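Keep in mind the model is a prediction, meaning the values are calculated, not measured. All chains are named by letter (A, B, ...) in the order of the sequence lines, taking the proteins before the strands, and each is independently numbered beginning at 1.
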Amino acid sequence: MPMEKNFDAASAEARISSLWQERKVGAAGANARAGSPAFSIMIPPPNVTGSLHMGHAFNNTLQDILIRWHRMRGHDTLWQVGTDHAGIATQMVVERELAKSGAPSRRDMGREAFLAKVWEWKDQSGGTIINQLKRLGASCDWDREAFTMSGNFPDAVTKVFVDMYNKGLIYRGKRLVNWDPHFETAISDLEVENIEVAGHMWHFKYLLAGGESYEYIERDAEGAVILRERRDYISIATTRPETMLGDGAVAVHPSDARYAAIVGKMVHLPLCDRLIPIIADEYPDPTFGSGAVKITGAHDFNDYQVAKRAGLPLYRLMDTRGHMRSDGAGYDVAVARAREIAAGAEATESEIDALNLVPEKYRGMDRFAARDAVVADINALGLCVSTLMTEIDPETGSEHLTREPYVESKKIMQPFGDRSKVVIEPMLTDQWFVDTAKIVGPALDAVRSGATKIMPESGEKTYFHWLENIEPWCISRQLWWGHQIPVWYGPTSLNLAGKEFCGATEQDVANEAKAYYGNILKTEINVEFPSEEFFAEIGVGDDGRDAAMAISFNENGSHTIRLRRDPDVLDTWFSSGLWPIGTLGWPDQTDELAKYFPTSTLITGADIIFFWVARMMMMQLAVVDDIPFKTVYLHGLVRDAKGKKMSKSLGNVIDPLEIIDEFGADALRFANAAMASLGGTLKLDTARIAGYRNFGTKLWNACRFAEMNGVWEGHSTETAAPAAHATANKWIIGETAKTLAEVNAALEGYRFDQAADALYKFVWGKVCDWYVEFAKPLFDGPDANETRKTMAWVLDQSMILLHPIMPFITEDLWGQTGARAKLLVHTDWPEFRLDLVDPSADQEMSWATGLIDEIRSARTQMHVPVGLKLDMIAVTMSDAARAAWGRNEVLIKRLARIETLTQGTSPKGAISIAVEGASFALPLDGVIDIAEEKARLSKAMDKLAKEIGGLMGRLNNPAFVASAPEEVVDEVRTNLEARNDEATKLTLALNRLAEMG
RNA sequence: GGGCGGUUAGCUCAGCGGUAGAGCACUACGUUGACAUCGUAGUGGCCACUGGUUCGAUCCCAGUACCGCCCACCA
């Protein structure tokens, strides 16, 4: 049955994909030869919520290319697949789904029920992206699919937490953290995007207490006085007026002469019945604004540091949703206590945190509404540093003076949650941290020493820079979907301080608690893990974890200690940070762990170098004292054809599945490989994908031609190149060997683009453009059998070499041609060498193709009809040229459309052709336009003259001859000789034309 | 403000001390024994700018301009 005219991607991909899955071609170790090296890649786990986008398609194409290449080479290969539970993202999606379907909200249904919903959702749609990976042709070990919340993963995560806790690498503390008021959770620094927005800065007066005043002197840069006045206030500036309610002080720089006299004095905090001190601190910049800064320790990272240094109380103003607090006692009570504390009364951190110093008026207001209210109220008090401004009415054009609160419009950098897109609030809360400073060392050393290599090299600089300045990593999240922190809190009771217990299992924790409480009680203790309801009952909320919990006395005289588990979950990146060992079965010492770890290569987006790569490095080194991967390949974001980021709002998102539907997975994969140059930007153009689809068609049809000519008939697949006699066969065998070497070298160096390029040029430029054409006459000649064998071999090699990049079409072709022992996916990668290259065959073919090019070019320019066969005259011919002609006559004649070749002189009205060692004439009396031929030859002469000029110039420069390497000089000399030879021939031809007039 | 990268044909990108490359687009011709998802032949480049190193620079170095990305607490 003859082959179809075109590759049917849609049906072939479905058929081949299921064939591969049935045969488990991607199973760990499949096609491995005994004693071969291991090669392993961990897939960057996509979010279970996700679907395949172009970044995934690109990233996974590269991984699959490497995996298939190594697998075909007989290496013991593992491509570990799996998905990430993606805490915030998944919780967000499920909450949205619930809202859409009118189900009760997360809070209404409670933690347990909500988590059941998430699992339900995960089970029903979590497989989407896995199936999409299959459509791309990814050859993972599907049976090993992992999930960061399943299998051994929860245990592994818990064990790591407990170990790190016990080593003092994880600690809990009340810190100022980035708080997302939408998701009501802390997030890490990395999850905050600082974006420049149009903002405002207000200037307020804080009046000195007791009606005091001072002389304020402003000087210019030269020290000359430019302003001198008595002031009873200090001027401060802020972009966030609502936070002034929590101010603890006003700070000025110690060297700032303007305020030296009032440092230590108190000022009235507007809108609040509190006095705060003016303090000196290095932080304020005297040259910026008024030089005085209000200090709100609980709502600003800089102020927090100042407050810590000065021992100022940290007054929290907002609740978890970013509304002004409405909890706790009334304002009067709170402010009275705050005054006592200011006067020196002892107060614990948690007591201060419990104080709600938001005046009643603002309580419950959204932070932005509170901002407006505070500004309005301060303005009403006349405490805005205001200025008379001339306002022009845009309609009447009349001018009038207004007194406006002094507000500058300016660009400010504002922090936004990368998921929620709401403004992040610095918030004082209890959180868990990894003491990264303690584990960063080995991660730095591993890259410095080259144990782990990051490509491109610029990635290493980024990596170093971040790790050298690393901040503690906030790993607790106030979410429900995730790995719950394995810490339980015991009550303060029976003369014992409350205590936290960290353990891998509830039993471990129970034992620890028994030991702690039991030693005192000397009686049996039942440790129970109470429910949320229990805590609701005894009135302990989230913030009450340290408070006395519960201890109940049972009737029989024993005591029941109730421990409460920390409700927080871990940052998703904490668990995905363990992906390499976790997926291999750790903490069990599995065979896979022994074989495939450390993994060979990580291919991932440069955007998650900090989130993931650096953390995997730190975590793996901290936990198993080994690097997670030897090579890290970082790539950029896939952009659209114009270089724009793909985004839904821009409407320029290219869906890889639509591309696969339209052009086939192979075309997309080839395009991905072709644009994967190291460090470049990735601009994806569908025109380019179409081009590579065409490339597939081209290969398909070359095979179709071969099949029609029965090249595979009677031959089983041969791995060794056939012995060839015909120059064209020798040549294409050599070209195949060169291509193999190029592809190997390219993939070795992660130059997917060069591998793709080499294959494209070989298959299209050599095999299809020349070899198939040569084969046509050869099939009718004495070398027919050899040519068939050669063509079968060359096309087999083409399929093999292309398979890692274009697996579907090559597997399909493999099945439709020849008798095959194995599927192509498991066929051995060839090992032939460059000694298959025959230099004399190479030279001869380049002479022949050069001659054909010249003749074709001349014919076209002279408007010789394509179908017209010409007789050609050899005017001069060297022995070498004569021999080359002799061996390739049939090919040249056919491709150049030459009828006969005779010896002779150039007749009147002929086209002249000059090549190395020979000159020819195509008699076309009456057919050609002499003027046109003259122009053609002149143009060629001009080009030659320019080249000759350049070459002569170099040779005439004594410095060049003296300093340049000998081979370069020689090359220039031989080059010049050849060009001169051609020029002579062309001159002769031109002279002849001149004679004819 | 700091760091990194880019600037090569109309477009998207390779290249790299020794005569500028590919794909797409464009022009002309073409039902040539696989392929119109094609063939043949062409058009098209002061390789951003200015200096320096060198026998020789698109390539190395320094600076300038423009563009992009990452990081950063100026109230």
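Rounding to whole angstrom units, CD of residue A:Glu196 and P of B:rC73 are separated by 14 Å. Protein atom CD1 of A:Ile279 is 13 Å distant from nucleotide atom C1' of B:rA75, rounded to whole Å. Across the protein-nucleic acid pair, A:Glu193 atom CD and B:rC69 atom C1' stand 13 Å apart, rounded to whole Å. Straight-line distance from the CG atom of A:Asn6 to the C1' atom of B:rC38: 11 Å, rounded to whole Å. Spacing between atom CG of A:Asn194 and atom P of B:rA75 amounts to 11 Å, rounded to whole angstrom units. We find that CD1 of A:Ile898 is positioned 15 Å from C1' of B:rU32, with the value rounded to whole Å. Atom C1' of nucleotide B:rC71 and atom CZ of A:Phe464 are separated by 17 Å, given to the nearest angstrom. Atom P of nucleotide B:rA75 and atom NE2 of A:His253 are separated by 17 Å, given to the nearest angstrom.
The stretch residues 759-774 of chain A participates, sequence neighbours left out, in these salt bridge (Lys or Arg N to Asp or Glu O under 4.0 Å) pairs: A:Glu735-A:Lys766, A:Asp757-A:Lys761, A:Glu773-A:Lys776. A side-chain hydrogen bond (donor to acceptor under 3.5 Å, both in side chains) check over residues 236-248 of chain A, counting only residues at least two apart or in different chains, returns the pairs A:Tyr206-A:Asp247, A:Arg240-A:Glu242, A:Arg240-A:Glu425, A:Glu242-A:Arg371, A:Thr243-A:Lys294, A:Asp247-A:Lys294, A:Asp247-A:Thr296.
Between A:Lys461 and B:rC70, a side-chain N or O to OP1/OP2 separation shorter than 4.0 Å is absent.
Using a 4.0 Å heavy-atom distance criterion, A:Cys703 is classed as making no nucleic acid contact. Here A:Gly199 lies out of heavy-atom contact (under 4.0 Å) with every strand. Across all strands shown, A:Ala702 has heavy atoms under 4.0 Å from base atoms, whether or not it also approaches the sugar-phosphate. A:Asn957 comes within contact range of the sugar-phosphate backbone alone, with a heavy-atom separation under 4.0 Å but no base atom that close. Contacts of A:Asp780 with the nucleic acid, taken as non-hydrogen atoms under 4.0 Å apart, include base atoms. Residue contacts shown for A:Glu773 include a base, since a base heavy atom lies under 4.0 Å away. Residue A:Thr697 is classed as a base contact, given a heavy-atom separation below 4.0 Å to a base. Residue contacts for A:Tyr283: at a heavy-atom cut-off of 4.0 Å it reaches a base atom on one of the strands shown.
Rounded to a whole angstrom, the distance from the P atom of B:rU53 to that of B:rA65 is 23 Å. For B:rG10 and B:rG3, the C1' atoms lie 35 Å apart once the distance is rounded to whole Å. Separating the P atom of B:rU19 from that of B:rC38 is a span of 33 Å, rounded to the nearest Å. Going from the C1' atom of B:rC29 to that of B:rA36 covers 14 Å, rounded to whole Å. A gap of 8 Å separates the C1' atoms of B:rA72 and B:rG1, to the nearest Å. Comparing the P positions of B:rA48 and B:rU32 gives an interatomic distance of 44 Å, to the nearest angstrom. Separating the P atom of B:rC70 from that of B:rC55 is a span of 44 Å, rounded to the nearest Å. Nucleotides B:rA57 and B:rC47 are separated by 11 Å at their C1' atoms, to the nearest Å.
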Write down the protein N/O and nucleotide N/O pairs, taken from nucleotides 42-45 of chain B, whose separation is under 3.5 Å; answer none if there are no such pairs.
| unit_1 | atom_1 | unit_2 | atom_2 | d |
| --- | --- | --- | --- | --- |
| B:rG42 | OP1 | A:Ser857 | OG | 2.7 |
| B:rU43 | OP1 | A:Lys939 | NZ | 3.0 |

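Here A:Leu699 contributes atom CG and A:Thr810 contributes atom OG1; the two are 8.0 Å apart, rounded to the nearest 0.5 Å. Distance SG/A:Cys384 to NE2/A:His203: 10.0 Å, rounded to 0.5 Å. The distance from atom NE2 of A:His635 to atom CE of A:Met675, rounded to the nearest 0.5 Å, is 9.5 Å.
Residues from residues 240-251 of chain A that place a heavy atom under 4.0 Å from any atom of RNA chain B: there are none.
Checking A:Lys5 against A:Phe288, the closest nucleotide of RNA chain B that is more toward the 5' end is the one next to A:Lys5. RNA chain B is contacted by both A:Ala706 and A:Ala959; A:Ala706 maps to the nucleotide lying nearer its 5′ end (nearest heavy atom per residue).
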Exercise. Taking only Watson-Crick and G-U wobble pairs with both distances under 3.5 Å, what dot-bracket line describes RNA chain B, where [ ] shows pairs that cross earlier ones and | shows pairs with another strand?
Worked result: (((((((..((((....[..)))).(((((.......))))).....(((((..]....))))))))))))....
Exercise. What string of B, S and - do you get for nucleotides 18-24 of chain B, 5' to 3', if B is base contact, S is sugar-phosphate-only contact and - is no contact with any protein heavy atom under 4.0 Å?
Worked result: BB---SS
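Residues satisfying the salt bridge (Lys or Arg N to Asp or Glu O under 4.0 Å) test with A:Asp661, not counting sequence neighbours, are A:Arg135. In terms of the salt bridge (Lys or Arg N to Asp or Glu O under 4.0 Å) criterion, residue partners of A:Arg258 (sequence neighbours excluded) are, by chain and number, A:Glu218, A:Asp256. Every residue two or more places apart in sequence or in another chain was checked for a salt bridge (Lys or Arg N to Asp or Glu O under 4.0 Å) with A:Glu196, and none qualifies. Partners of A:Phe611 under the ring pair (Phe, Tyr, Trp, His ring centres under 6.0 Å) rule, at least two apart in sequence or in another chain, are A:Trp573.
If you check the side chains of A:Asp796 and A:Trp712, you find a donor sitting under 3.5 Å from an acceptor. For A:Glu191 and A:Ser188, the side-chain atoms include at least one donor-acceptor pair closer than 3.5 Å.
A donor-acceptor contact under 3.5 Å links the side chain of A:Arg693 to the base of B:rU37. Under 3.5 Å, the side chain of A:Lys776 and the base of B:rA34 form at least one donor-acceptor pair of N or O atoms.
A:Gln861 CD: more than 12 foreign heavy atoms inside a 6.0 Å radius.
The nucleotide whose nearest atom lies closest to any side-chain atom of A:Arg897 is, among B:rU37, B:rA75, B:rU32, B:rU32. Residue A:Arg704 places its side chain closer to B:rC35 than to any other of B:rC29, B:rC35, B:rA41.
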For this session: Starting from the C-alpha separation in whole Å, work towards a yes-or-no answer on ring pair (Phe, Tyr, Trp, His ring centres under 6.0 Å) for A:Tyr633 and A:Phe752.
Result: CA-CA 12 Å; A:Tyr633 175 102; A:Phe752 302 94; 5.7 Å; yes
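Geometric assessment of A:Arg788 against the ring of A:Phe779 yields a positive cation-pi assignment under the 6.0 Å and 45° thresholds.
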Distance-only donor-acceptor pairs under 3.5 Å for side chains of residues 687-696 of chain A, two or more places apart:
| unit_1 | atom_1 | unit_2 | atom_2 | d |
| --- | --- | --- | --- | --- |
| A:Arg688 | NE | A:Tyr692 | OH | 3.3 |

Enumerate, atom names and distances included, each donor-acceptor pair closer than 3.5 Å involving a side-chain atom of residues 947-958 of chain A, sequence neighbours excluded.
| unit_1 | atom_1 | unit_2 | atom_2 | d |
| --- | --- | --- | --- | --- |
| A:Asn956 | ND2 | A:Met952 | O | 3.3 |
| A:Asn957 | OD1 | A:Ala959 | N | 2.9 |

